[in-house]
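Single-structure report; data block below.
All residue numbers in this chain count up from 1 along the given sequence.
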Amino acid sequence: MQTTMLTDMQQFVVRVDEALAAAVDALVADGTFESRSHAVRSAVEELVDRHRRRRIGEAIVAGYQRVPETEEELAEAEANTRQLIAEEPW
């Protein structure tokens with residue numbers, strides 16, 4: 001997820017305990033993040049993406065539960081998988 005110009009961004013005010021603040025500061029100090037803001041922004045982006053991916057996965061599962069694959073589709077998928085594996089230059 002790409003961030004926009006800082007002037008186009010919303011601001012969150014967050015309180016954390018000293019241990020968490022120290023852990024974030026250590027990530028900044030070792031160069032993992034440019035700043036506390038960058039660390040928090042990255043964490044929030046990851047959280048939002050994880051939940052988005054989970055919802056997509058749940059929708060896929062629900063779709064297959066509503067309309068399960070047929071025996072023919074499963075057999076074809078297995079045959080295709082076996083062929084792909086056989087073609088690998090192990």
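- Residues L47 and R50 are in side-chain contact: their nearest non-hydrogen atoms beyond the backbone lie under 4.5 Å apart.
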Trace of the side-chain contact (heavy atoms from CB on, under 4.5 Å) decision for T81 with E78: CA-CA 5 Å; T81 301; E78 182 178 346; 5.6 Å; no

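- One hydrophobic cluster, built from ILVMFWY side chains closer than 4.5 Å, holds both F12 and V16.
- The main-chain N or O of T70 is found under 3.5 Å from a side-chain atom of E73 such that the two form a donor-acceptor pair.
- Interatomic distance, CD of E87 versus CZ of R82, reported as 14.0 Å (0.5 Å rounding).
- In this structure, CG in L27 is found 11.5 Å from OG in S35, a value given to the nearest 0.5 Å.
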Stepwise side-chain contact (heavy atoms from CB on, under 4.5 Å) test for F33 and V40: CA-CA 9 Å; F33 296 101; V40 171; over 6 Å; no

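- The 12-atom threshold is exceeded at CD of E88, counting heavy atoms of other residues, nucleotides or ligands nearer than 6.0 Å.
- Note that CD of E76 is 10.5 Å distant from CD of E69, once rounded to the nearest 0.5 Å.
- Of the possible polar contacts, none joining the T32 side chain to the V28 backbone as a donor-acceptor pair under 3.5 Å is found.
- The CD atom of E18 sits 11.0 Å away from the CG atom of D25 when rounded to the nearest 0.5 Å.
- Under the 4.0 Å criterion applied to side-chain N and carboxylate O atoms, E45 and R41 are not assigned as salt-bridge partners.
- Distance check: R15 CZ to L20 CG gives 14.0 Å after rounding to the nearest 0.5 Å.
- Cluster membership for V44 and V24, using ILVMFWY side-chain heavy atoms within less than 4.5 angstrom, is not shared.
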